[in-house]
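Quick notes on the structure that follows.
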Amino acid sequence: MLEKPLGISFAETPAGLVVDDLVADGNADLSDDVYLGDTLMSVNDFACEGKTFDAIMDVIIDAQGPVKLVLAHEAVAPEPAAAPTPAPAPTPAPAAVPNGPTNVTLAFVEAGSTTPVAEASLDGNVVLRTAMLDGGRELYDTWGKLMNCGGAGQCGTCVVRVLEGGDLLSERTDAEVGHLGSGKERNSYRLACQVEPRKGAQGRCVVEMKPTKK
């Protein structure tokens with residue numbers, strides 16, 4: 001059973017819906033029961049075989065409380081026999097990691113404006129969607145309020161535009177490229193449910209709420 005938002009992006013294939021991406025530290029990622037390449041067999045006892053993508057997403061969106069997913073794990077080839085153990089090599093020095101805690105300050109502006117109307121903090125345990133909703137920020141238009149997928153990366157309604165500080169945030173996911181496109185003009189548009197700060201990032205990020213899509 002997974003709480004919403006699930007933190008899963010599905011892709012439609014001839015074999016059915018498969019797990020295409022997981023939001024880092026999202027509910028599915030932390031469960032240790034969901035893996036990339038898994039095939040979705042049922043949702044809350046609703047059999048997915050032969051069903052359309054939209055029909056399955058409707059079941060997930062309409063679910064109240066935890067969602068029961070039945071997944072078929074991708075077959076894993078057996079590991080080859082272990083070779084003789086060589087003599088231990090000297091232990092290398094640990095790789096350098098960013099110093100200090102992750103802490104990104106978010107400055108929110110209205111569409112078409114550059115004047116911040118509110119600020120919030122984004123640390124390593126929170127995605128942008130959660131920070132915005134918890135802070136009472138405007139994220140969805142009327143359609144999005146009714147039809148959003150709860151942060152699963154499926155509906156493409158939680159669009160924001162990063163005006164400054166995009167290098168402090170995670171890379172765009174396949175779900176974002178699929179919904180928003182790519183290229184110099186498109187890369188500043190993000191899905192809030194897919195955005196988290198980079199590890200160790202510290203600085204200020206300006207986020208435009210409910211931008212006009214180009």
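Since the model is a prediction, treat every value here as computed from it, not as a measurement. Quick note: numbers below take in every heavy atom, side chains included, and nothing from hydrogens, waters or symmetry partners.
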Partners meeting ring-ring contact (aromatic ring centres under 6.0 Å, His included) with Y35 (sequence neighbours left out) =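 By the ring-ring contact (aromatic ring centres under 6.0 Å, His included) rule, Y35 matches H73.
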Nearest non-hydrogen partners of [X] and [Y], listed with the distance:
X	Y	result
S42	C48	CA-SG, 3.6 Å
S9	Q154	CA-NE2, 3.1 Å
N148	C155	CA-SG, 3.6 Å
A15	T39	O-CG2, 4.0 Å
N44	A63	ND2-CB, 3.6 Å

To the nearest 0.5 Å, how far apart are [atom1] in [X] and [atom2] in [Y]?
X	Y	atom1	atom2	result
E110	T115	CD	OG1	10.0 Å
T173	E196	OG1	CD	10.0 Å
I56	E49	CD1	CD	10.5 Å
F53	D58	CZ	CG	10.5 Å

Under 4.0 Å between a Lys/Arg side-chain N and an Asp/Glu carboxylate O for K210 and D141?
->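 No, K210 and D141 are not salt-bridged.
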When clusters are formed from ILVMFWY side-chain contacts under 4.5 Å, directly or step by step, what else is grouped with V70?
->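 M41, all in the cluster of V70.
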If you link I, L, V, M, F, W and Y whenever their side-chain heavy atoms are under 4.5 Å apart, who else ends up in the same group as L163?
->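 For the cluster that includes L163, the remaining residues are V109, V206.
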Return the set of residues passing salt bridge (Lys or Arg N to Asp or Glu O under 4.0 Å) with E176 (not counting sequence neighbours), or none when no residue passes.
->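 Scan of E176 (salt bridge (Lys or Arg N to Asp or Glu O under 4.0 Å), adjacent residues dropped) gives R190.
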Only counting residues at least two apart or in another chain, list the ones meeting salt bridge (Lys or Arg N to Asp or Glu O under 4.0 Å) with E171.
->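 By the salt bridge (Lys or Arg N to Asp or Glu O under 4.0 Å) rule, E171 matches R198.
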Pair up each side-chain donor or acceptor in residues 132-140 with any protein partner under 3.5 Å, not counting sequence neighbours, and list the distances.
{"from": "R137", "atom 1": "NH1", "to": "G135", "atom 2": "O", "distance (Å)": "2.8"}
{"from": "Y140", "atom 1": "OH", "to": "R129", "atom 2": "NE", "distance (Å)": "2.8"}
{"from": "Y140", "atom 1": "OH", "to": "R129", "atom 2": "NH2", "distance (Å)": "3.4"}

Sort out for me which residue in E208, R161, E164 forms a side-chain hydrogen bond (donor to acceptor under 3.5 Å, both in side chains) with S188.
->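 Single pass found, and it is R161.
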Are the side chain of K51 and the backbone of G16 linked by a donor-acceptor contact shorter than 3.5 Å?
->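 Not at all, since once roles are kept as given, no pair shorter than 3.5 Å links the two residues.
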Under 3.5 Å, is there a donor-acceptor pair between the side chain of R172 and the main chain of G181?
->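 Indeed, once roles are kept as given, a pair shorter than 3.5 Å links the two residues.
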